[in-house]
There are 2 protein chains.
Amino acid sequence: MSRPQPQKRATVHDIAAAAGMSRGTVSRVLNGGYVSAEARAAIEAAMSDLGYVPNNAARALKMRRSQAVAFVALEPHSLFLDDPNIGSIMLGANAALSLADHQMVSLVVESARDTERVARYLSGGFVDGAIVVSARTKDPIIRVISDLSLPAAFVGHPPDLDQTIPFVGIDNVGSARAITEHLVTTGRRRIGMIAAALDRDSGIDRLAGFRDALGPLFDDELVSDVPHYDYGSGVKGMRDLLEREPAIDGVFAASDAIAAGALEALREAGRSVPGDVGVVGFDDSTWAVRCQPQLTTVHQPAKEIGSCAAQLILRQLRGEHPDPGGQLLPTPLVLRDSA
Amino acid sequence: MSRPQPQKRATVHDIAAAAGMSRGTVSRVLNGGYVSAEARAAIEAAMSDLGYVPNNAARALKMRRSQAVAFVALEPHSLFLDDPNIGSIMLGANAALSLADHQMVSLVVESARDTERVARYLSGGFVDGAIVVSARTKDPIIRVISDLSLPAAFVGHPPDLDQTIPFVGIDNVGSARAITEHLVTTGRRRIGMIAAALDRDSGIDRLAGFRDALGPLFDDELVSDVPHYDYGSGVKGMRDLLEREPAIDGVFAASDAIAAGALEALREAGRSVPGDVGVVGFDDSTWAVRCQPQLTTVHQPAKEIGSCAAQLILRQLRGEHPDPGGQLLPTPLVLRDSA
DNA sequence: TACGGATGTGTGAACGTGCACACAGTAGGA
DNA sequence: TCCTACTGTGTGCACGTTCACACATCCGTA
């Protein structure tokens, strides 16, 4: 009696009894099959009378399908702050799953406690698959998914641990190379980078692309590395670069938020953009159009990434085995005013 | 054969057989009860051997408890853009639920299609309760929750439809009054407001508080209303106000994002802040410290709001009936440089 | 000796579904 | 006339779990 039972709800039995039919017929009304018009009418009347709603838990148990897919956001705290794209990725995934009549459920993992509980949740039959955002290689969630062979898709970077899990992302190296080349071809010569999150693939790859594009022009002294993809880091990073090389005339910021911070630091220092210094960002987030001047940047197709990840799951649920190589989406350059 | 069955997983039966025990004993190992040391050891060995994970769907069916609580975000598209607090609210709720060993699952409702599917999901026994963010009065989700008498809590504004559902929020009227009074007491005389979202309670209440605080100083001409709580709206709203009243010396922006936009418009117009014009915002979001000058604003305790909503659910799950009046959290003024 | 309580274990039923199967009636063709 | 096909309906079982109950053993005490 300590735990009050939730109020009793109508079941197939109840509406079968009310309609004077058997459970089987009710089931056929719900799931298709031969049912006479009168029987259907009687049953539908009973259903709306008693306010019947099918019990998903029972259905999932029997069918071994829940029609739900998890969207697992690891370290969301930093994600929400650093990456304005996470919301768009979620909405993209939701839209795609929605079309296939699947429910997306987002789970956030902040603590070790969360990790364990989410692992239990994923293994428990409440979801048919999982989209995992920004996992680190070592993350225990990956092991669980791998052991369970739960249909999964990774967003952002490949799960080194299990090569059979597909992923979707962008070509960070190529995109960074392309936007850096834009700085070069517009005549910049002393080009620096504010590199962030060098403990993640995205951070490492953007730096690699930068170095790649500059070739002999590359100067180790002109790379300032900051911990996060955020505004504050941008301010700090830019001040740092200005101190090291006052003659700097081009900057590649590893994210739009960082670029926004860099603009602020440049304004402080009395440099004009793009006159004295050309600045480019990465993400094409809301930051890009908010800045003064608006940012030239790399467009991240966040919505498409989400929907692509969803497709990877749906395909696995249909029994297809997507090629494990992973999928890279195009990232067009967006030319605005900052470089 | 069109739909491949997910791979067969170990059940209590399997591990009972492997350990030479009965299902009952296995259940007792999992849920507590009298079990001898040897039996426990044998069963635990079998469990790790076979990689056993309990099936939540079956447990939920039998127990009528899923240990999961939904976090329903209505119109998340505008939320993610407008309200930087939604993430913090989520994390606050998750932390509180996590402590009670409940899984939070976020559901996103964008389309009519989503509404229906989420309603089904909520009624289906996959969750024990629901936290609903920013519902409008007419939202069909409210009806579903009400009909089901699913334990629920609303965030942000009271569900007019069903007064038995508790809510948690802030005193928008009082907070707006307080911050407006700050403008008055610091000597501003021609004070305007950029009011947003006048189709929501939050928008209406903030305007009411503003009017309240000004009393005879209030001038209808000095209110510019914009659709959303975002940066662009702030720029537009401020330009509008400057045109109507060039002598304006104080502005209450309905959100920090709007305030940031207003600062931009003021800079364009060559006004200094706080010298010529004092500007105050609302939310104490990341915008507040990013701006130049940093914003004087109203602190929204987003994390606490989330955790408070979670508590309201947990309390209902324990069988208590929280007073339906709702709960308003304190919103301290944060004095920075913009006014 | 007999009894009550504590400890340990097995068994059957139920949670609410969906599906395979069985059955009944009708119609059409060989 | 019989066999088959199609439509419509009812019944039993299984999904994997928990819980109530029955049973079994051991101990201390009346």
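Quick note on labels: first sequence line is chain A, next is B, and so on, each numbered from 1.
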At 4.0 Å (heavy atoms only), tell me whether Ala60(A) reaches a base, stays on the sugar-phosphate, or touches nothing. nothing

Using whole Å, what does the distance between atom P of nucleotide dT18(D) and atom CD of Gln67(B) come to? 12 Å

Decide, yes or no, whether a salt bridge links Arg120(B) with Asp101(A) under the criterion of side-chain N to carboxylate O below 4.0 Å. yes

According to a strict under-4.0 Å criterion, is Tyr34(B) in side-chain N/O contact with OP1 or OP2 of dT25(D)? no

Round to a whole Å and report the spacing from CG of Asp14(A) to P of dG16(C). 8 Å

Check the phosphate of dT7(C) against Ser36(B), side-chain N and O only, distance under 4.0 Å to OP1 or OP2. Yes or no? no

Please indicate whether Glu116(A) has more than 12 foreign heavy atoms, meaning atoms of other residues, nucleotides or ligands, lying under 6.0 Å from its CD. no

Taking Asp128(B) for the side chain and Ser66(B) for the main chain, is one N or O donor matched with an acceptor at less than 3.5 Å? yes

With respect to the side chain of Ala58(B), which nucleotide from dT17(C), dT17(D), dG18(C) is positioned closest? dT17(D)

Tell me: CZ of Arg23(B) to P of dT18(D), nearest whole Å? 11 Å

Expressed in angstrom and rounded to an integer, what is the separation of Glu38(A) atom CD from dG8(D) atom P? 9 Å

Length of the CZ-P vector between Arg64(B) and dC19(D), whole Å: 13 Å

Arg9(A) has an atom CZ; how far is it from atom P of dG16(C), in whole Å? 9 Å

Can you check whether Ala152(B)'s main-chain N or O pairs, donor with acceptor, with Gln316(B)'s side chain at less than 3.5 Å? yes

Check every atom of dG18(C), dT18(D), dT9(C) against the side chain of Val35(B) and return the nucleotide holding the closest atom. dT9(C)

Please tell me if Asn55(A) has a side-chain N or O lying less than 4.0 Å from either OP1 or OP2 of dT17(C). no

Return yes if some donor-acceptor pair links the side-chain N/O of Asn94(B) with the main-chain N/O of Met90(B) below 3.5 Å, else return no. no

Looking at dG10(C), I'd like to know if its phosphate oxygens (OP1 or OP2) sit under 4.0 Å from a side-chain N or O belonging to Thr25(B). yes

Polar side-chain contact Arg28(A)-dG10(D) base: donor and acceptor under 3.5 Å: yes

Between dC15(D) atom P and Met63(B) atom CE, what is the distance in whole Å? 21 Å

Lys62(B) side-chain proximity, nearest of dG18(C), dT9(D), dT18(D): dT18(D)

Can you tell me if the side-chain N/O atoms of Arg59(A) get under 4.0 Å from OP1 or OP2 in dG18(C)? yes

With a 4.0 Å cut-off on heavy atoms, is Asn56(B) in touch with a base, just the backbone sugar-phosphate, or nothing at all? nothing

Distance test, side-chain N/O of Ser22(B) to OP1/OP2 of dG10(C), below 4.0 Å: yes

Separation of dG16(C) P from Arg120(B) CZ (nearest whole Å): 20 Å

